[in-house]
Amino acid sequence: MTLRTTLRRYGGAAAVVAGLASPVAAGDIVWARYGDIDSLDPHRATSTLSLQVWSLMYDTLLATDADGLPVPHFAKSWEANADGTEYTFSLQEGVMCHDGTPLDANDVKYTIDTAFDESAPSLTKGSWGPITGAEVVDPLTIKLTLETPFVALIPFLADSFSSIICDSNGEGFGTTTAIGSGPWKLVSWTKGDRIVLEKNPDYKNFGKLAENPGAPHEDGLIITVVPEPQARLAALKTGEVHIAEPPFDDVPMIKDEGDLSIIVAENTGQNVFWEFAVHRPPFNDVRARLAVAHATDAAAAISLIYGDLSIQENCPVSRGVFGNDQDFCAQYRPAYDPEKSKALLAELGYSASNPLETALLVWTGGNRQKLGEVFQAQLAEVGIKATIEIMDIGSLNARVRQENETTTGTTGSMDMMTWSWYDPDILYALWHTPGAYRGYTSPELDAMLDETRVLTDLDARKAKVQEVFKYLLENAIHVPLYTPGWEWVFAVRPEVEGFFVAPFVYPNFSDVKLGG
Amino acid sequence: MWRFLGTRIAMGALTIWITTILVTLLIHAVPGDPVQIMYAQSQGTTPEQIEEVRRSLGLDRPIPVQYAMYVERLLQGDLGHTIRGGQPVLEVIIQRLPNTLLLACAAMFIAILIGVPIGFLAAYREGTLTDIALMIIAIAGISMPHFWLGLMLLFFFALELGWLPVSGNGWLNLVLPALTLGLSNAAIFARLTRSSMIDVMSQDYVQTAFAKGLPKALVLRRHVLRAGLLPVVTMMGLQFAFMMGGAIVVENIFSWNGVGRMAVEAIFQRDYPIIQGFILTFSVVVVFVAIAIDALYAVLDPRIRRS
Amino acid sequence: MSMSAQQDAPKAPPGFLRRLLRSPSGAIGLGIVLLLLFFAIFAEMLAPYNPNKMGAGGRFLPPGGKHLLGTDEFGRDMFSRILFGSRITLLIGAVAVGISLTIGMAVGMIAAFRRGWIEAILMRSTDVLFSFTETLIALSFVAVLGPSLQNAGIAVGVAGIPFYARTCYAAALVETSKPYFEASISAGARPARLVMVHLLPNVLPTMIVVATLGVSTAILAAAGLSFLGLGAQPPTSEWGYMLAGSRDYINRAPWLMTIPGIAIAITVLGFNLLGDGLRTSLDPVERK
C-alpha cells in the first residue's frame with residue numbers, strides 16, 4: 001500500500017468520524033450533475049437538466065418502452081376516431097398526487113389548459129399539436145379534440161414535456177413547490193445547489209421501464225450541482241456522490257481502475273447540429289453554409305473529444321428515432337471536403353485578406369467548449385474566422401433567435417444547437433414557419449412538414465420524413481454532427497444496484513438499492 | 001471620534017446611493033435592447049409579454065423615473081425576479097450570502113493569524129536571514145495567482161490525498177477555499193505589518209524606552225504592538241473587500257455555494273436582475289464592514305478617540 | 001532651461017540604475033521583466049510551432065523532447081503557447097495600467113492643483129469607486145459588454161483608476177500644499193510650467209513604482225477574469241485561460257496546470273520585485 005493510499009484512507013476516515021463532513025442520511029441516493037434545473041414547472045423550461053427531474057416528480061399519460069415506443073402508463077388505454085381528430089383516454093384508478101388529492105382527468109385538463117393559456121403559454125405548446133379542447137368525460141376518462149390529425153401526439157404524451165401537473169398546485173409552483181404524482185416528491189429546491197426529493201410511498205408504476213411496481217426502494221434522492229468534472233470524479237471516489245457524469249478524458253482510466261462502472265445511455269434521440277443565421281449575409285447564401293459543412297470533420301472532432309463514446313450522425317434526427325437511415329442521409333449530407341469548401345468561399349469572394357467571419361455559439365458543459373475549439377481550428381484551415389462564444393443553453397436559445405431576427409451586418413452567426421426528441425416531429429417545431437428560432441423557413445419545406453404530421457401510414461410517413469431530411473441536408477440548413485451529445489455518460493459507485501437510463505436520457509432511480 | 005465616524009457613515013451612504021444609480025444604468029449600458037436580451041431566453045415569450053415586462057420594469061419611462069421606481073421597490077425589499085425560474089432575487093441572494101461572508105471572514109481570520117505574526121517576526125529580526133527569508137516567502141505569496149493556489153490545493157488535498165471533500169457546504173468544505181483566499185492575503189498582511197512595525201520601532205519614544213532599559217517584551221507589548229497594528233486595522237476594511245472579490249473565483253473552483261458563484265453563473269446566463277442585486281449587495285456589505293472596522297480603528301487610536 | 005529640468009526631474013540623480021541593480025530585488029526583477037519582454041517581442045522567432053495548431057504533437061505529451069513543455073489536450077505545443085501568452089500578458093498589463101495611469105494621474109493632479117470643490121468632488125468620487133473593488137468593477141464591465149480579452153483589459157484598467165488617482169493626489173498634494181505653490185499661482189505663473197517643473201518630478205517617482213507594481217496586479221486580475229471565462233476566448237493562449245482549461249486534466253496532465261501558473265507567478269513576481277527595487281532606488285528618503 002503506497003503512502004498516498006494510506007494517507008487517503010486514514011485521513012478521510014478521520015474526517016468522517018469527526019463528524020465534520022456534510023450530512024447525508026443513510027437511505028439517500030446522491031446524484032451530481034453539472035448544472036441545475038430552470039424550473040419545476042414543465043411548461044417553463046426545455047433543458048434536459050429540467051426534463052430529467054420532471055420525469056422523477058411527475059407522471060405522464062403514457063410511458064416509453066425499451067425501444068423508445070409509447071406504451072400505456074397513467075392512461076391504461078386509448079382510442080382515436082377515424083379522422084384522428086379525437087382521442088379518448090381511459091385512466092388508471094386510485095392514483096394520488098403528492099398532497100393526497102386524487103390524480104384524475106381534471107388534472108390532465110388542468111395541465112393542457114395551462115399549456116395553452118394565452119397569457120402564459122407553455123414553451124413547448126407547439127409540440128402538443130393543434131389541440132382545441134380537453135374534455136373531462138368522467139374522472140377517469142379524458143377526451144382531447146384536435147383541429148387536424150397529429151400523429152406525433154401519442155409519442156409526445158409519453159415524454160416528460162407532457163408531465164401531468166396536479167390542479168392543487170398554487171402559488172410558488174415551479175419555484176418552491178411542485179405537486180405531481182411521480183415516484184419522487186419534492187422536499188426542497190435550493191437554486192444552483194441541490195434538489196432534495198423523497199420517495200412517494202403511494203406510487204404505482206403502471207408502464208414505466210422500472211421493474212419496481214411501486215414506491216422506490218430508497219428513501220431519498222438528492223440531486224446536487226457540481227459544475228467541475230474533476231470535482232464530480234473526486235466526489236464519486238470518496239463516496240460523497242453515488243452517480244455522476246465523469247470527465248470524458250478520464251473514462252478509459254475509470255474503466256481500467258474498475259471501482260466505478262460506466263453506463264452509457266442508448267436511444268438518446270440527441271442530435272447535435274450546425275444551424276445558421278440565415279436572414280443576413282453570409283449565411284443567407286447556401287454556398288456559405290455548405291462551405292462550413294464541407295470544412296467540418298465531425299468524426300475526427302468527436303473522436304478527439306469523446307473517444308468512442310459518441311459517433312457521427314448523418315441524419316437530422318438521430319439513430320433510434322423513426323425515419324433515421326444513416327445510408328440514406330449519407331448521400332445528401334455535405335461530406336468533409338476542405339477543397340470544396342475553399343472553392344465555395346472563393347466563389348463567394350472570400351480570401352485570406354477578406355475571410356468569412358462568423359460567431360460560433362456553443363453552450364456550456366459536456367466538453368462542448370473544447371469541441372468548439374476543434375471546429376474553430378477546422379474552419380480556420382479553410383480560411384473561415386470563427387469566434388467562439390460560450391453561454392448556457394437558455395442564453396443560447398435566446399441569442400440564436402436574436403441572430404436570426406437580425407438582418408443587418410456582415411458577420412455571420414452559426415451555432416452548435418442540440419435537440420433531443422423521440423419523433424421527427426421536432427423538425428416541424430424547428431423548421432416550420434415561424435420556426436423555433438425564427439430561422440430558415442420556406443413554403444416548400446412547410447408543405448412537406450405539414451404532411452409528416454398527418455400521414456398515418458408508416459411507410460408513407462417515413463418517405464415524407466426522409467424527403468424532409470434530403471431538403472435540410474442539401475441546403476445545409478440543419479447539418480447533423482454527432483450523437484449522443486450531452487449527459488449520456490454516467491459513472492456509478494459499486495454499491496449502487498438497479499440504476500439504469502431509460503430512452504431519451506431519463507435516469508431512473510426506482511429500482512435503485514444502495515448496498516453495504 | 002463621532003465626527004470621524006459620522007463622516008464615514010455619510011460616505012458609506014453616498015457610496016450605496018451611487019451604487020443604486022449605477023445599477024439602474026447598468027441595464028442601459030448593454031448593447032441592444034435589454035428586455036429582449038433578458039426575456040428572449042424564455043422561448044415562448046410573446047411580444048405582449050415582453051411589452052408588459054418593459055412596462056413593469058419602467059424601461060419605457062425616462063431614466064430618472066426608472067430610478068425612482070427602482071428605489072421604491074428596493075425600499076420594499078424587492079430586488080426583482082430572476083429571469084430563469086422567476087425567483088425573487090433577494091431570496092436567492094439571502095440564501096447564498098452567508099456562505100460568502102463565512103468564507104471571507106474565515107479567510108480574513110487565516111490571513112491575519114498567519115500574516116501578522118510573520119510580519120512582526122520579520123520586523124523584530126529586521127535585516128537578518130529570518131527577515132529576508134520571510135519576506136521572500138511573502139512576495140512569492142503575493143505573486144501567486146490565488147486561483148492557481150486553489151487548484152493546487154484542490155488537487156493535492158482533495159483529489160490526491162482525499163482528506164477533504166471536494167464539494168458541498170459543510171464545515172470541512174470551508175477549509176480549502178478559506179485557506180486559498182487566506183494564504184494569498186496573508187502575504188499582504190505580513191508585508192504590511194512588517195513595515196508598520198519597523199516604522200514604529202524606529203520612532204523616538206520607542207528607542208527611548210529601549211534605551212531606558214525596559215524589558216523588550218514590555219516595550220513591544222505596550223507601545224509597538226498597538227501603534228503598529230493601527231495601519232493593519234485600517235487595511236482590514238480594504239482587505240475584506242478584496243477577499244469578497246477573491247471569493248468570486250474561489251467559490252467557482254470549489255463549488256462553494258456563495259454569491260460569487262451565483263454572479264458568474266448569472267453573467268453567463270445574462271440574468272441581469274441577479275447581477276444588479278449582486279453588485280448592490282456587494283457594495284452594501286463592503287460599506288458596512290468598512291464602517292465597522294473604522295469604528296474599531298476609532299476605538300483603538302487614541303488620537304481619533306480624543307478628537 | 002525647461003529641457004534640462006525635464007531631464008533631471010523624473011529620474012533621480014545619476015547612479016539610479018546602479019542603485020537599482022545593487023538591490024537584489026531590483027536586479028532580479030529587472031532581469032525577469034527584460035526576459036519577458038524579449039520573449040514577447042521575439043515570440044514568432046522563438047516558438048517552434050504555431051501556438052494554435054492542433055495536433056502539432058500527440059495529445060498530452062509530457063514535457064521533454066520535441067515539446068519542451070509538453071502538449072495540451074489538442075496536441076498544441078505548450079512552449080509556443082506560453083511564449084505567445086507572454087506577449088498577450090504584457091500587452092494586457094500595459095493597456096490596463098496605461099488606462100489607470102493616464103486617467104488616474106490626470107484626476108489626481110487636477111484635484112491637487114485646483115483644490116477647493118473640484119478636489120472634493122474628484123476625491124470623493126474616487127473614494128466611492130474604490131470601495132467597489134477591482135473585481136466587482138471588472139465583473140460589471142464584462143457583464144455588460146460581454147466577455148473578451150479587450151474588455152477584460154479595459155475593465156481592469158478602469159477598475160484601477162481610483163487607486164492611481166488617490167496615490168497621485170497624495171504625492172502631488174505634498175507640493176501643491178506648499179506655500180510657494182499657491183504664491184506662484186497667484187503671481188501668475190503658467191500652470192503648465194508649474195506642473196512640469198514642480199509637480200511632475202515629485203509625482204513621477206511614486207507613480208512609476210505604483211505603475212510597475214500595478215502591472216502585476218493587472219496581470220493577476222486579467223488572468224482571473226480569463227480563468228472564469230470572462231476574458232480571453234479560444235484559441236488565445238492567454239495564461240489565465242490556459243489555467244482554466246487545465247482543470248479537466250489535473251489527473252492526466254498536471255503540467256497543463258503547473259506551467260501556466262508558474263508563468264503567471266514569475267511574471268508577477270518580476271514586476272513586484274522591480275517595483276520594490278524602484279521604490280528604494282528612486283526615493284532616497286524611504287528605506288526599507
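Remember, it's a predicted structure, so these values are computed and weren't measured experimentally. Letters go in sequence order (proteins before strands), and every chain restarts at 1. Below, each value reflects all heavy atoms present in this structure, side chains not excepted, and no hydrogens, waters or symmetry copies.
Within residues 357-364 of chain A, no residue has any heavy atom closer than 4.5 Å to a heavy atom of chain C.
Sparse packing is recorded around CZ of Phe163(C), with 12 or fewer heavy atoms of other residues, nucleotides or ligands lying under 6.0 Å away.
Residues Thr387(A) and Gln233(C) fail the side-chain proximity criterion, which asks for heavy atoms closer than 4.5 Å. At least one side-chain heavy atom of Leu304(A) sits less than 4.5 Å from a side-chain heavy atom of Arg59(C). For the pair Asn367(A) and Glu73(C), the minimum side-chain heavy-atom distance is 4.5 Å or more.
Panel note: side chain Lys370(A), backbone Gly245(C); a donor-acceptor pair is recorded below 3.5 Å.
Residues Gln376(A) and Pro234(C) approach most closely at NE2-O, 3.3 Å, considering heavy atoms.
Contact of Glu381(A) with chain C is made through the side chain alone, with heavy-atom distances under 4.5 Å. Heavy atoms closer than 4.5 Å to chain A are found in both the backbone and the side chain of Tyr249(C). Contacts between Glu373(A) and chain C at a heavy-atom distance below 4.5 Å involve backbone atoms as well as side-chain atoms.
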